[in-house]
Amino acid sequence: MIRLFVGLELPEDIREHIASLRGGLPSAYWVDKDKLHLNLCFIGNVQEDVGENIHDKLCQLRFPSFNLGFKELGYFETSGLPHHLWLGVDYYQALDDLSAKITNIAHECGAPKDRFKFHAHVNLASLRGTSIVDVMQFISANNLFKTRQFQVYYFTLFSSFAREHGNGKNYRVEARYPFVLT
């Protein structure tokens, strides 16, 4: 079994800029700067042969390169309690289309469907016991945050596995798939 997901790697300066948001939010567990990415499709645990089939199909996917930037902080909640802080994107259509294509490929190859509807974002922090008031104050204080636009040249197939000492996951790049340059 291998645990897979597809996402966009971010340029170093973009990750640095996003990481500048870290801090000032009680009980937030911030994503490591080197792990900041935009998830396009969570594939999950699949047999090795299913992973290979997904890779083969992703090699055939043609998609035009596009520009992307980040802005707009938000959060996900369950039963009125915030559990993740995220940073949104300034251009959804390309990401929605790309995610749908990748999700269809994964499903056609035998991967289970993701139970969550795609929402283009970068996960910034897990919130464990952070009050909604603190989250809203953080968002209000950073509501003008935005990154520069950058061109996206490829998407990436990642594997993830538990860290040796337990806390969190490690990611490994399995393959990169170039876009058609426009």
Side-chain angles (χ1 to χ4, degrees), residues 5-43 58 61 63-104 114-158 160 168-169 171 173 176-182:
F5 68 93
V6 178
L8 297 180
E9 296 176 77
L10 307 179
E12 174 66 24
D13 69 306
I14 297 294
R15 285 184 285 134
E16 282 285 338
H17 191 189
I18 293 171
S20 72
L21 288 168
R22 295 173 63 116
L25 190 56
S27 302
Y29 295 86
W30 297 94
V31 174
D32 294 337
K33 179 186 78 164
D34 294 338
K35 292 193 169 128
L36 292 169
H37 67 278
L38 189 146
N39 193 20
L40 291 165
C41 174
F42 177 74
I43 296 169
L58 291 176
L61 178 62
F63 200 86
S65 179
F66 56 91
N67 287 329
L68 184 63
F70 296 98
K71 65 177 186 176
E72 185 184 8
L73 291 164
Y75 63 94
F76 294 122
E77 66 177 56
T78 302
S79 301
L81 299 173
H83 59 81
H84 280 90
L85 179 70
W86 52 260
L87 179 61
V89 300
D90 64 359
Y91 178 56
Y92 287 89
Q93 193 59 55
L95 293 169
D96 288 346
D97 294 346
L98 179 59
S99 175
K101 288 178 184 291
I102 293 168
T103 299
N104 286 339
D114 192 347
R115 61 189 173 112
F116 297 107
K117 183 180 181 310
F118 176 71
H119 176 265
H121 70 281
V122 172
N123 188 29
L124 299 178
S126 294
L127 308 174
R128 299 181 193 140
T130 308
S131 76
I132 191 74
V133 171
D134 286 336
V135 172
M136 296 309 291
Q137 286 175 343
F138 181 86
I139 290 172
S140 179
N142 293 285
N143 68 346
L144 296 180
F145 181 87
K146 66 186 269 188
T147 69
R148 71 170 175 84
Q149 291 269 321
F150 61 97
Q151 188 162 10
V152 181
Y153 294 103
Y154 61 91
F155 64 98
T156 304
L157 178 65
F158 294 92
S160 69
K169 302 239 182 269
Y171 304 143
V173 171
R176 291 184 176 104
Y177 309 92
F179 289 134
V180 176
L181 295 180
T182 55

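Taken to the nearest 0.5 Å, the CG atom of Leu85 stands 11.5 Å off from the CZ atom of Arg22. Between the CG atom in Asp97 and the CZ atom in Phe118 there is a gap of 10.0 Å [rounded to 0.5 Å]. Distance check: Lys146 NZ to His17 NE2 gives 10.5 Å after rounding to the nearest 0.5 Å. Here the straight-line distance linking atom CH2 of Trp86 with atom CG of Leu124 works out to 9.5 Å at 0.5 Å rounding. Arg128 CZ to Leu81 CG: the interatomic distance, rounded to the nearest 0.5 Å, is 14.0 Å.
Of the possible donor and acceptor atoms, one in the side chain of Arg15 sits under 3.5 Å from a partner among the backbone N and O of Leu10. With hydrogens and angles disregarded, no donor-acceptor distance shorter than 3.5 Å links the side chain of Arg148 to the backbone of Ile14. A donor-acceptor pair under 3.5 Å links the side-chain atoms of Ser99 to the main chain of Leu40, judged by distance alone. The closest donor-acceptor contact from the side chain of Thr147 to the backbone of Gly69 lies at 3.5 Å or more, if one exists at all. A donor-acceptor pair under 3.5 Å links the side-chain atoms of Ser65 to the main chain of Val152, judged by distance alone.
Nearest heavy-atom pair across Tyr91 and Asn67 is CD2-O, 3.8 Å. When all heavy atoms of Arg176 and Glu9 are compared, the closest pair comes out as NE-OE2, 2.6 Å. The minimum heavy-atom distance linking Tyr154 with Pro178 is given by the pair CB-CA, 3.9 Å. Across every non-hydrogen atom of Tyr75 and Ile139, the tightest pair is CD2-CD1, 3.7 Å. Nearest heavy-atom pair, Ile102 versus Cys41, reported as atom, atom and distance to 0.1 Å: CG2-CB, 3.6 Å. Taking every heavy atom of both residues into account, Phe5 and Ser160 meet most closely at CE2-CB, 4.1 Å.
Using cut-offs of 30° and 60° on the angle between ring planes, the pair Phe138 and Trp30 is tilted.
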query = Going through the checks in order, is the side chain to side chain contact (heavy atoms under 4.5 Å, CB included) test met by Val173 and Phe158?
reply = CA-CA 5 Å; Val173 171; Phe158 294 92; 3.9 Å; yes
task = Take His37 and Tyr171, measure what side chain to side chain contact (heavy atoms under 4.5 Å, CB included) needs, and give me the verdict at the end.
result = CA-CA 11 Å; His37 67 278; Tyr171 304 143; 3.7 Å; yes
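Annotation: side chain of Asp134 is not in contact with side chain of Leu127 (no heavy-atom distance under 4.5 Å). Looking at Leu87 and Phe145, their side chains come closer than 4.5 Å, going by heavy atoms from C-beta outward. With contacts defined as side-chain heavy-atom distances shorter than 4.5 Å, the pair Leu38/Phe70 qualifies.
Looking at Leu95, Asn39, Val122, Thr156 one by one, the single match for side chain to side chain contact (heavy atoms under 4.5 Å, CB included) with Leu8 turns out to be Leu95.
Taking the six-membered ring for Trp, Phe179 and Phe66 have ring centres closer than 6.0 Å. Taking the six-membered ring wherever Trp is involved, the centroid distance between the rings of His121 and Phe76 falls below 6.0 Å.
Within a 6.0 Å radius of NZ in Lys71, other residues, nucleotides and ligands contribute 12 heavy atoms or fewer.
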